[in-house]
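A short write-up of the structure that comes next.
Along the sequence shown, the residues carry numbers beginning at 1. Numbering of ligands and ligand atoms starts at 1, following listing order. Note that the structure is a prediction, hence the values are computed from the model and not measured.
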Amino acid sequence: MDDERRTYRITVKGRALDLSARSHVMGVLNVTPDSFSDGGRFATPDEAADAAMAMLADGADIIDIGGESTRPRGPYGEGARPVTADEEIRRVLPVIERLAVRTDAPISIDTTKAEVAEAALSSGAGIVNDISGLRFDPRIAGVAARHRAPLVLMHIRGTPDTMQADPSYHDVVTEVREELAASVRQASAAGVKDIIVDPGLGFGKTLEHNLTLIRRLGELALLGRPVLVGPSRKGFIGAVLGLPVEERVEGTAAAAAAAVMNGASIVRVHDVRQVKRTLMLIDAVRKAG
Ligand code: HH2
């Protein structure tokens with residue numbers, strides 16, 4: 001196999017994280033009322049922090065906390081409602097603060113807003129995950145750079161409300177790679193050192209686009225950055241298997257396995273325990289002589 005990922009190291013809050021030794025699992029913690037698969041799960045910030053601790057016990061390497069759903073218009077009704085930076089901060093900060101005193105594990109803030117990223121990084125988060133790849137708020141790059149925080153740049157076409165209307169590409173992998181390259185240049189120019197790229201499964205992509213991106217994920221290695229993918233419970237898995245969102249664990253694990261075989265360093269999932277076990281096996285196969 002490749003193995004480009006051997007050289008990838010990032011620094012989170014002054015601590016080195018070697019992404020090449022094995023695959024890494026990012027556990028999803030949505031503190032939103034309307035996320036597509038796990039919205040409205042927690043009554044209090046302590047409950048949310050408990051869920052994050054459980055994911056760490058199950059093998060998560062990073063906890064990704066989000067206060068705004070990006071659910072697309074379509075299968076789950078209307079798209080998610082945008083929230084203000086203040087509301088997003090009100091949702092995520094108490095959870096980040098509580099979690100940061102309970103664990104040293106890296107906490108990532110899933111946001112497209114510079115104000116939210118700033119507040120989160122000042123309160124214990126160490127990574128920024130921007131699903132817009134700096135398209136919605138370019139100031140995020142400056143915030144990440146100032147805090148010396150790694151930045152995840154995800155590819156999206158359109159906005160969560162419009163992205164699934166009629167996504168079309170001449171060659172989805174090449175176009176995603178070129179658009180990500182532009183985001184990487186922008187982040188790099190702002191002074192961000194550790195940049196992670198993500199093809200954005202389900203964000204302005206048809207079923208075929210998502211499958212092609214996983215099959216040809218290795219082509220994103222040309223960007224020279226670690227790759228993260230987020231297949232978790234998404235519509236393309238439901239479409240292939242004909243299963244509702246609560247029955248997509250095996251499909252998620254299979255997509256994660258394929259992505260890691262094709263070069264992904266980090267997989268963002270809700271079902272940490274199952275995916276961690278899957279990827280331990282995949283890592284053992286990758287290492288075999
Ligand atoms: N997908 C979602 C949210 N954030 N971040 C990255 N880097 N990559 C992804 O694929 C990704 C992401 C959507 O999933 P989820 O958090 O489960 O749903 P919602 O946006 O409705 O909260």
Side-chain angles (χ1 to χ4, degrees), residues 24-42 48 51-52 55 60 62-83 88 91-92 95 106-113 116-117 127-136 140 144 150-157 159-161 163-164 176 180 183-184 187 195-205 209-210 213-214 217 220 225-238 245-246 248-249 251-252 255-256 259 264-272 275:
H24 284 67
V25 175
M26 175 184 260
V28 180
L29 190 73
N30 284 320
V31 286
T32 52
D34 55 355
S35 284
F36 83 95
S37 79
D38 63 347
R41 264 177 73 202
F42 311 115
M55 285 195 278
I62 303 168
I63 299 295
D64 189 43
I65 302 184
E68 178 176 36
S69 173
T70 52
R71 185 186 64 195
R73 179 192 287 274
Y76 315 101
E78 284 297 292
R81 269 179 307 114
V83 296
E88 218 178 307
R91 292 177 184 177
V92 297
V95 184
I107 300 170
S108 148
I109 174 69
D110 186 343
T111 189
T112 59
K113 300 185 186 77
V116 180
I127 300 175
V128 181
N129 175 21
D130 176 7
I131 61 113
S132 82
L134 300 177
R135 295 279 179 291
F136 298 172
I140 284 212
L151 176 59
V152 180
L153 297 172
M154 199 197 78
H155 177 272
I156 187 171
R157 271 281 167 94
T159 65
D161 205 37
M163 65 192 181
Q164 291 306 109
V176 164
L180 281 175
S183 297
V184 168
I195 300 169
I196 297 162
V197 293
D198 179 340
L201 299 176
F203 287 83
K205 280 103 189 170
H209 293 144
N210 290 311
L213 280 164
I214 296 175
L217 198 69
L220 295 189
R225 306 285 175 169
V227 174
L228 183 154
V229 286
S232 202
R233 303 178 182 170
K234 282 183 180 168
F236 77 94
I237 295 171
V245 74
E246 64 279 7
R248 296 179 186 166
V249 184
T252 298
S265 295
I266 307 173
V267 180
R268 179 186 182 277
V269 292
H270 302 83
D271 304 291
V272 169
V275 172

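At a threshold of 4.0 Å, the pair Asp110-Arg268 counts as salt-bridged, since one of the basic side-chain nitrogens sits closer than that to a carboxylate oxygen.
Annotation: Asp64 places no N or O atom under 3.5 Å from an N or O atom of ligand 1; distance criterion only. An N or O contact shorter than 3.5 Å is missing between Thr32 and ligand 1 by distance. Considering backbone and side-chain N/O of Thr70, one or more are found under 3.5 Å from N/O of ligand 1. Between Asn30 and ligand 1, a contact under 3.5 Å exists for at least one N or O pair.
Protein heavy atom in closest approach to atom 10 (O) of ligand 1: Lys234 NZ, 2.7 Å. Regarding atom 8 (N) of ligand 1, its nearest protein heavy-atom neighbour is Asp198 OD2, 2.6 Å. The protein heavy-atom contact nearest to atom 16 (O) of ligand 1 is Arg268 NH2, 2.9 Å.
In Arg233, neither the side chain nor the backbone holds a heavy atom less than 4.0 Å from any atom of ligand 1. Residue Asp110 touches ligand 1 through its side chain alone, judged by heavy-atom distances below 4.0 Å. At a 4.0 Å heavy-atom cut-off, ligand 1 touches Arg71 through backbone and side chain alike.
For Val249, the side chain to side chain contact (heavy atoms under 4.5 Å, CB included) partners two or more places apart in sequence, or in a different chain, are Asp271, Gln274. Judged as a ring-ring contact (aromatic ring centres under 6.0 Å, His included), and not counting sequence neighbours, the contacts of His209 are Tyr169.
The distance from ligand 1 to the heavy atoms of Ile131 drops below 4.0 Å at these ligand atoms: 4 (N), 5 (N), 12 (C).
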Full working for side-chain hydrogen bond (donor to acceptor under 3.5 Å, both in side chains) between Arg71 and Thr32: CA-CA 11 Å; Arg71 185 186 64 195; Thr32 52; over 6 Å; no

